[in-house]
Amino acid sequence: MTEKIRVRYAPSPTGHLHIGNARTALFNYLFARHHGGDFIIRIEDTDQKREIEAGEQSQLENLKWLGIDWDESPSEGGPYGPYRQSERKDIYDPLIDQLMVSNRAYKCYCTSEELEAEREAQRARGEMPHYSGKCAHLSAAEQKAKEEEGITPVIRFRIPKGSTFTFDDMVKGDITFESDSIGGDWIIRKRDGMPTYNFAVTIDDHYMKISHVLRGDDHIANTPKQIMVYDAFEWKAPRFGHMTLIINADTGKKLSKRDESILQFIEQYRDLGYMPEALFNFITLLGWSPVGEDELFSKEEFVETFDHKRLGTSPAAFDGNKLEWISNQYMKDMDIDELTSKAIPYLVEAGYIEADPSEEKSEWVKKLIGLYQEQMSYAAEITKLAVLFFEDKLDWSDESKEVLKGETVPTVLEAFTEQLKTVEPFEADAIKKAIKAVQKETGIKGKNLFMPIRVAITGQQHGPQLHDTIELLGRDKAIANINKSQDLIKSF
RNA sequence: GGCCCCUUGGUCAAGUGGUUAAGACACCGCCCUUUCACGGCGGAAUCACGGGUUCAAAUCCCGUAGGGGUCACCA
């Protein structure tokens with residue numbers, strides 16, 4: 001097969017970029033790039049009612065952010081445009097006429113209400129809802145009468161009777177549908193004159209020379225409809241591949257946009273300061289597995305190794321833990337200056353530091369981030385991890401209070417406060433020495449020395465290196481916190 | 001309900017007739033560390049069930065059960 005590989009990502013601009021869509025785009029992108037083919041963006045906007053403001057732009061921006069680029073699209077254009085379905089009516093209309101002439105399609109005058117009632121009745125009888133074919137054989141006179149009533153017809157595609165539609169799915173193998181299991185003659189042109197999805201997709205894929213259609217599982221039932229259109233025009237159908245859906249591990253169901261337990265939109269991750277490379281890596285591992293044992297790959301490596309045969313056949317559950325882990329891997333490798341500049345806006349937004357901080361303050365933030373970098377998964381996380389440094393109140397956990405009840409605690413705190421007052425310079429090394437000095441002076445060491453100091457100053461038993469923490473907290477705040485803890489101790 | 005798809009540990013998964021059934025996340029334990037995190041080492045944990053086929057089945061076939069998807073003038 002020497003035909004050029006051409007695939008497409010065809011979103012409808014009805015919302016922001018969802019994880020599931022991003023994954024579809026990603027796999028198409030990987031497939032195209034791996035084979036040196038073209039990756040095309042086509043906008044499926046045949047339903048003007050559902051369109052949302054800037055949906056298209058938002059989708060593309062987020063795709064770009066993820067690191068996906070394309071060869072043809074509405075904005076860049078290309079040899080097979082236009083790339084927006086709403087602008088392709090001139091292409092669809094003659095084709096629909098052609099189908100009418102050859103009697104593969106016909107006008108249907110049923111109203112939405114009639115059809116809904118029909119389906120309702122069928123459901124009540126325990127039948128599968130389907131179009132009965134009421135208008136399939138209307139005489140010219142009957143049609144004329146309907147027209148005179150002022151009814152604008154829709155156009156339906158006549159499903160060939162007694163046929164089977166089989167395709168060799170790239171991920172699932174042979175799949176077959178019988179004509180009468182498809183739901184009856186289906187609409188190809190809506191009352192508003194726009195083609196329906198299944199029709200437009202087929203026409204576009206053909207004229208855009210799409211060679212492979214990789215899409216979600218939920219499109220399997222659409223495939224026979226599309227195949228019959230290819231057949232009607234005697235076109236060669238592309239190869240279809242249906243990927244499993246992403247499911248919610250808790251419910252076992254397809255990720256629903258309403259489900260709030262999981263962040264579902266790429267934008268949300270972007271807003272939180274996740275790294276695009278990490279998200280790319282994570283999403284690619286959802287339903288696809290590499291050959292070896294490694295799990296961390298760059299985009300280039302994925303392109304290099306991508307093989308559609310390794311797409312899984314059972315649904316992939318969204319595993320937040322794994323995302324955090326992957327993100328953390330990328331975070332740890334990140335340049336500290338870069339991470340600092342990424343994190344500053346979040347600290348500003350939280351009201352923790354001023355916008356456009358001074359040189360000195362930036363240095364301080366950089367050190368602060370240094371304390372937490374190895375455990376961060378996303379930039380915004382710093383505002384949670386480092387609250388201690390920005391809030392004035394000191395919260396002691398229950399266990400921390402227990403620590404402060406220790407017999408030798410007052411001695412340690414007193415001695416250390418004295419040290420803090422005079423430590424020069426107020427830097428980690430000197431502070432470390434100050435702690436040592438307290439040890440010499442009081443004879444208290446190890447846990448009994450460090451824990452009271454840590455808890456008195458931070459309220460917590462856990463945290464980064466104590467001397468680093470104290471340095472960044474600053475002399476005044478450290479002493480003030482110890483005082484608060486001493487007050488607490490007196491109240492016991 | 002019809003049609004279609006799916007079924008290896010808690011999760012993602014490798015595996016394509018003969019393996020001690022990889023690996024990763026999570027979990028547990030130990031080590032490192034004043035503590036946490038990171039890191040290192042180790043552990044527990046899986047072939048949905050029932051029939052075949054075969055010398056041999058997680059792998060092939062048939063059932064059963066369970067899960068999912070889809071049945072719009074949405075895409």
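Proteins come first, then strands; the chains are lettered A, B, ... in the order of their sequence lines, and each starts at number 1.
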Determine the interatomic distance between [atom1] on [N] and the same-named atom on [M]; round to the nearest Å.
| N | M | atom1 | answer |
| --- | --- | --- | --- |
| B:G29 | B:A44 | C1' | 10 Å |
| B:G9 | B:A13 | C1' | 11 Å |
| B:C30 | B:G69 | P | 43 Å |
| B:C25 | B:A37 | P | 15 Å |

Considering only NZ, NE, NH1 and NH2 on the basic side and carboxylate oxygens on the acidic side, decide whether [X] and [Y] come within less than 4.0 Å.
| X | Y | answer |
| --- | --- | --- |
| A:Arg42 | A:Asp205 | yes |
| A:Arg239 | A:Asp169 | no |
| A:Arg8 | A:Glu72 | no |
| A:Arg119 | A:Glu113 | no |
| A:Glu381 | A:Lys384 | no |
| A:Asp47 | A:Arg50 | yes |
| A:Lys254 | A:Asp217 | no |
| A:Arg84 | A:Glu56 | yes |

Below 6.0 angstrom between ring centroids: does that apply to [X] and [Y]?
| X | Y | result |
| --- | --- | --- |
| A:Phe282 | A:Phe318 | yes |
| A:Trp288 | A:Phe306 | yes |
| A:Trp186 | A:Phe157 | yes |

State the dot-bracket string of RNA chain B. Criteria: Watson-Crick or G-U wobble, both atom distances under 3.5 angstrom; notation: ( ) intrastrand, [ ] crossing earlier pairs, | interstrand, . unpaired.
((((((((.[[[..)..(....]]].(((((.......)))))....[[[[[..)....]]]]])))))))....
For [X], answer base if it contacts any base atom (sugar-phosphate contacts may also be present), sugar-phosphate if it contacts only those atoms, and nothing otherwise; contact means non-hydrogen atoms under 4.0 Å.
| X | answer |
| --- | --- |
| A:His130 | nothing |
| A:Glu44 | sugar-phosphate |
| A:Ile182 | nothing |
| A:Gly463 | base |
| A:Ala317 | sugar-phosphate |
| A:Gly312 | nothing |
| A:Arg310 | sugar-phosphate |

Does a side-chain N or O from [X] land closer than 4.0 Å to OP1 or OP2 of [N], or not?
| X | N | answer |
| --- | --- | --- |
| A:Lys254 | B:U70 | yes |
| A:Thr14 | B:A75 | no |
| A:Arg119 | B:A72 | yes |
| A:Lys49 | B:C74 | yes |
| A:Arg50 | B:A72 | no |
| A:Lys190 | B:A75 | yes |
| A:Lys332 | B:G39 | yes |

Can you tabulate the close N/O pairs, meaning under 3.5 Å, that link protein atoms to atoms of nucleotides 22-25 of chain B?
from: B:A22; atom 1: O2'; to: A:Glu293; atom 2: OE2; distance (Å): 3.2
from: B:G23; atom 1: O2'; to: A:Glu293; atom 2: O; distance (Å): 3.3
from: B:A24; atom 1: O4'; to: A:Glu295; atom 2: OE1; distance (Å): 3.4
from: B:A24; atom 1: O2'; to: A:Glu295; atom 2: OE1; distance (Å): 2.5
from: B:A24; atom 1: O2'; to: A:Lys322; atom 2: NZ; distance (Å): 3.2
from: B:A24; atom 1: N3; to: A:Lys322; atom 2: NZ; distance (Å): 3.3
from: B:C25; atom 1: OP1; to: A:Trp325; atom 2: NE1; distance (Å): 3.4
from: B:C25; atom 1: O2'; to: A:Lys322; atom 2: N; distance (Å): 3.4

Rounded interatomic separation in angstrom, taking [atom1] from [X] and [atom2] from [N]:
| X | N | atom1 | atom2 | value |
| --- | --- | --- | --- | --- |
| A:Asp250 | B:U11 | CG | P | 11 Å |
| A:Ile159 | B:C71 | CD1 | P | 14 Å |
| A:Ile41 | B:A75 | CD1 | C1' | 16 Å |
| A:Asn248 | B:G68 | CG | C1' | 13 Å |
| A:Gln460 | B:A37 | CD | P | 13 Å |
| A:Glu120 | B:C71 | CD | C1' | 14 Å |
| A:Arg156 | B:A72 | CZ | P | 10 Å |

I want to check something: taking the side chain as every heavy atom from C-beta on, are A:Leu60 and A:Gln57 in contact at a cut-off of under 4.5 Å?
no
side-chain contact (heavy atoms from CB on, under 4.5 Å) against A:Phe450, all qualifying residues, sequence neighbours excluded:
A:Ile435, A:Leu466
Quiz item: A:Asn222 side-chain donor-acceptor pair to B:A75 base, under 3.5 Å
yes
More than 12 heavy atoms of other residues, nucleotides or ligands under 6.0 Å from NZ of A:Lys342: is that the case?
yes
Kindly state which residues belonging to residues 374-387 of chain A come within less than 4.0 angstrom of RNA chain B, counting heavy atoms of the residue only, listed by number.
A:Glu374, A:Gln375
Heavy-atom nearest nucleotide on RNA chain B taken for A:Leu311 and for A:Gln465; more 5' hit belongs to A:Leu311
Between A:Ala249 and A:Phe450, just flag the one whose closest nucleotide in RNA chain B comes earlier from the 5' side.
A:Ala249
Within the stacking criterion (centroid distance below 5.5 Å, interplanar angle below 30°), does A:His219 stack on B:A75?
yes
Consider only side-chain N and O atoms of A:Tyr92 and A:Asp204, and report whether a donor and an acceptor are under 3.5 Å apart.
yes
For A:Ser132, all residues meeting side-chain hydrogen bond (donor to acceptor under 3.5 Å, both in side chains), sequence neighbours excluded:
A:Glu118
Please produce a list of atom pairs where a protein N or O lies less than 3.5 Å from an N or O of nucleotides 3-8 of chain B.
from: B:C5; atom 1: O2'; to: A:Lys172; atom 2: NZ; distance (Å): 2.9
from: B:U7; atom 1: OP1; to: A:Thr313; atom 2: OG1; distance (Å): 3.2

